[in-house]
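A short write-up of the structure that comes next.
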Amino acid sequence: DAMVIQNPRYQVTQFGKPVTLSCSQTLNHNVMYWYQQKSSQAPKLLFHYYDKDFNNEADTPDNFQSRRPNTSFCFLDIRSPGLGDAAMYLCATSRDIWRGGRETQYFGPGTRLLVL
Amino acid sequence: AQSVAQPEDQVNVAEGNPLTVKCTYSVSGNPYLFWYVQYPNRGLQFLLKYITGDNLVKGSYGFEAEFNKSQTSFHLKKPSALVSDSALYFCAVRDPRVDTGFQKLVFGTGTRLLVSP
């Protein structure tokens, strides 16, 4: 089945130690998103890739970076995690509306990050 | 600016009874509206959406939602609740800007549904 996959499901890191979360998709969608979700709050969009074009939300801290080496994969890099970065990180994909996208974002299962 | 309100933090319903989870929206253009469900330690699962057409939208797992333009609402409903429906439900609206190819979703704060046996 086509899907969005996130690894690992749980990640423990130390304060200030860089960490990378990964997302892959078999949907062949050209748009990929990273969200941060804390304590059952609404997901907060960090950034998205439209094809290879990176688009940062205005309030996303510089501590968060992303890479998309190809259509299928996208990585979230947290350069110096702080205690406040402990959260669930959700990856999502969609097909853009100009290519007949049906307006639905599909989410992966998420990676829960714990910062010690 | 677009926004979504979910006025209830939690909804309690007995199994077998109908359920309603409320959502109201505010957008400047035609709304694209979505419902997602999230089970503990899981990602968001798409339930249903309204883009255009019939005001009553049917989705996964027996859920449906009614788009009401005059009341700017998009309430989620199910005729007979199951204990397994207990989860966190998010309503979302798409940013109606049309000059971007991606869709920016604005989420509500979520409503926790608890279905008791």
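Because the structure is predicted, anything quoted here is derived from the model rather than measured. Convention: sequence-line order gives letters A, B, ...; per-chain numbering from 1.
- Residues A/Tyr49 and A/Phe107 are members of separate hydrophobic clusters, defined by side-chain heavy-atom contacts under 4.5 angstrom among Ile, Leu, Val, Met, Phe, Trp and Tyr.
- Atom CZ of A/Arg9 sits about 5.5 Å away from atom CZ of B/Arg42, to the nearest 0.5 Å.
- Both B/Leu76 and B/Val11 belong to a single network of hydrophobic side chains, linked directly or stepwise wherever heavy atoms of I, L, V, M, F, W or Y lie under 4.5 Å apart.
- For B/Leu44, the parts lying near chain A are the backbone and the side chain together; criterion is any non-hydrogen pair under 4.5 Å.
- With hydrophobic clusters built from ILVMFWY side chains whose heavy atoms lie under 4.5 angstrom apart, A/Met88 does not share a cluster with A/Leu76.
- Nearest heavy atoms, B/Gly108 versus A/Ala42: O-CB, 3.1 Å.
- Heavy-atom distances place the side chain of B/Gln38, and not its backbone, under 4.5 Å from chain A.
- Heavy atoms closer than 4.5 Å to chain A are found nowhere in B/Tyr39, neither backbone nor side chain.
- Atom CZ of B/Phe107 sits about 4.5 Å away from atom OH of A/Tyr35, to the nearest 0.5 Å.
- Distance check, rounded to the nearest 0.5 Å: OG1 of A/Thr104 to CG of B/Leu105 gives 9.0 Å.
- Closest heavy-atom contact between B/Asn41 and A/Arg112: OD1-NE, 3.0 Å.
- If you measure heavy-atom distances from A/Gln6 to chain B, you find no contacts under 4.5 Å at all.
- Scanning both residues, B/Tyr36 and A/Gln105, for their nearest heavy atoms gives OH-O, 2.7 Å.
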